[in-house]
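All heavy atoms count here, side chains included; hydrogens, waters and symmetry mates do not. Keep in mind that this is a model prediction, so the values were computed, not measured.
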Amino acid sequence: MDILRFIATRAALGVLTLIAVSLLLYLGTQLLPGDVASALLGQSATPEALAVLRARLGLDVPAWLRYLHWLWGVLHGNLGTSLTTGSPIASVLMPRLANTLFLAGYAAIIAVPLAVGLGILAAIREGGILDRVSTTLSLATISFPEFFVSYILIVIFASQLGWLPSLATVYDGMGFWGRVDATTLPALALVLVVVAHMLRMTRTSTLAVMSAPYVETAFLKGLSRRQVVLNHALPNALGPIIAVVALNLAYLVVGVVVVEVVFVYPGMGQLMVDAVSKRDLPTVQACGLVFAIAFIGLNTLADILAALANPRLRGSRR
């Protein structure tokens with residue numbers, strides 16, 4: 001397959017997947033129990049007042065038509081209006097998105113080099129102390145959910161040692177190093193969650209190609225295990241490694257909801273939880289759509305990069 005055609009196909013599938021996710025997201029929020037108008041006006045609202053509010057919110061038209069109106073607005077950059085604040089959702093969402101991306105980027109800068117580096121070292125020293133220790137620790141880390149890891153970090157580094165703040169409080173105009181200090185604990189929680197998966201995948205993917213004929217030939221030439229892994233096995237294992245790194249990067253953006261809630265961090269995850277509790281459905285839909293764009297976009301990019309890293313997918317096939 002021509003690589004350009006492959007890229008175009010993956011991009012088109014990503015767009016179609018995003019449209020399907022937007023439909024499911026909209027339908028899912030519409031199926032939530034309760035009535036939005038009643039939740040906004042209270043139980044003492046009169047039927048006439050409820051009818052007027054439903055008409056103003058567009059709730060008196062069929063759901064499929066409301067979805068098309070919402071999708072059309074999204075395509076034109078209009079995410080809608082918050083039901084709780086009455087302000088455009090984009091004005092509230094963008095600062096929260098910037099905070100989430102800062103936290104995810106902070107965690108990624110630590111997690112990706114650490115996981116890939118340790119995974120390669122574990123493959124080079126298969127069966128050694130480093131390999132056994134990293135495998136054991138990664139299995140233990142994977143077994144703990146994010147909220148448990150977060151609370152353990154708070155108890156150790158905030159409550160007992162007092163090195164870091166327990167709440168990730170950030171605000172407009174806050175300095176860079178102040179943000180780093182405030183977000184270190186939630187970033188470490190995310191790092192511990194994603195490093196184990198990336199490390200194990202890097203090690204497994206590298207070792208999986210070690211039995212290939214070209215690797216055995218490299219050993220017969222007298223090359224060291226380190227040279228064989230770095231120069232021959234690793235380049236052919238890049239595809240799965242890129243995929244798992246992109247998947248975990250997507251998780252750092254999408255899966256921060258629990259961590260943000262634990263540390264009361266003003267990111268998109270916290271915004272989405274608050275919107276659900278207040279039945280602010282347009283805000284919930286906007287947050288979910290941004291999360292979907294990040295997840296699908298990073299996975300599509302991973303497929304493309306994996307294809308570019310695989311020599312068999314370069315050029316044209318007749």
Side-chain angles (χ1 to χ4, degrees), residues 1 3-22 24-25 97-123 134 138 141-142 146 186-209 229-230 233-260 267-269 287-314:
M1 176 186 294
I3 190 63
L4 295 179
R5 184 182 303 172
F6 174 82
I7 293 174
T9 301
R10 287 300 299 126
L13 287 175
V15 172
L16 292 177
T17 303
L18 185 58
I19 293 175
V21 169
S22 71
L24 293 175
L25 176 66
L97 176 60
N99 288 340
T100 294
L101 292 178
F102 181 88
L103 177 59
Y106 186 9
I109 289 174
I110 300 173
V112 174
L114 181 64
V116 175
L118 288 177
I120 294 173
L121 289 176
S134 62
S138 62
T141 306
I142 291 174
E146 299 94 324
L188 287 178
L190 291 172
V191 167
L192 291 175
V193 171
V194 301
V195 158
H197 190 205
M198 288 190 289
L199 187 155
R200 288 176 61 81
M201 191 61 188
T202 300
R203 175 186 179 275
T204 302
S205 300
T206 304
L207 292 178
V209 299
V229 170
L230 294 179
L234 185 60
N236 290 278
L238 278 180
I241 294 174
I242 290 173
V244 76
V245 167
L247 181 64
N248 281 275
L249 289 178
Y251 174 80
L252 288 177
V253 178
V254 178
V256 297
V257 176
V258 174
V259 173
E260 288 186 358
M268 277 193 56
C287 291
L289 185 64
V290 172
F291 282 142
I293 291 173
F295 190 84
I296 295 172
L298 284 171
N299 278 276
T300 301
L301 180 62
D303 289 343
I304 294 173
L305 291 178
L308 294 175
N310 189 342
R312 290 174 297 180
L313 294 178
R314 296 177 183 171

Less than 3.5 Å apart, which donor and acceptor atoms pair up between the side chains of residues 190-199 and the rest of the protein, not counting sequence neighbours?
{"from": "His197", "atom 1": "ND1", "to": "Asn248", "atom 2": "ND2", "distance (Å)": "3.4"}

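How far CG of Leu298 is from CG of Leu301: 6.5 Å, rounded to the nearest 0.5 Å. Separating the CZ atom in Arg10 from the OG1 atom in Thr17 is a distance of 7.0 Å, to the nearest 0.5 Å. Atom CG of Leu252 and atom CG of Leu101 lie 11.0 Å apart (nearest 0.5 Å).
Here the closest heavy-atom approach between residue Ala108 and residue Pro113 is recorded as O-CD, 3.7 Å. Minimum interatomic distance between Glu260 and Met268 (heavy atoms only, all atoms of both residues): OE1-N, 3.4 Å. Closest heavy-atom contact between Leu247 and Phe295: CD1-CZ, 3.8 Å. The shortest non-hydrogen separation linking Ala104 to Val253 is CB-CG2, 4.0 Å. Closest approach of Pro186 and Val259 over heavy atoms only: CB-CG1, 3.7 Å. Here the closest heavy-atom approach between residue Tyr106 and residue Ala187 is recorded as CD2-CB, 3.6 Å.
Partners of Ser22 according to the side chain to side chain donor-acceptor pair (under 3.5 Å) rule, which considers only residues two or more places apart in sequence or in another chain, are Tyr67. For Arg200, the salt bridge (charged side-chain N to carboxylate O under 4.0 Å, His left out) criterion is met by no residue, not counting sequence neighbours.
Between Leu289 and Leu18, the closest side-chain pair of non-hydrogen atoms falls below 4.5 Å.
In this structure, Thr300 contributes its side chain and Gly14 its backbone to no donor-acceptor pair below 3.5 Å.
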Evaluate the criterion side-chain contact (heavy atoms from CB on, under 4.5 Å) for residue pair Asn99 and Leu103; output intermediate values, then yes/no. CA-CA 6 Å; Asn99 288 340; Leu103 177 59; over 6 Å; no

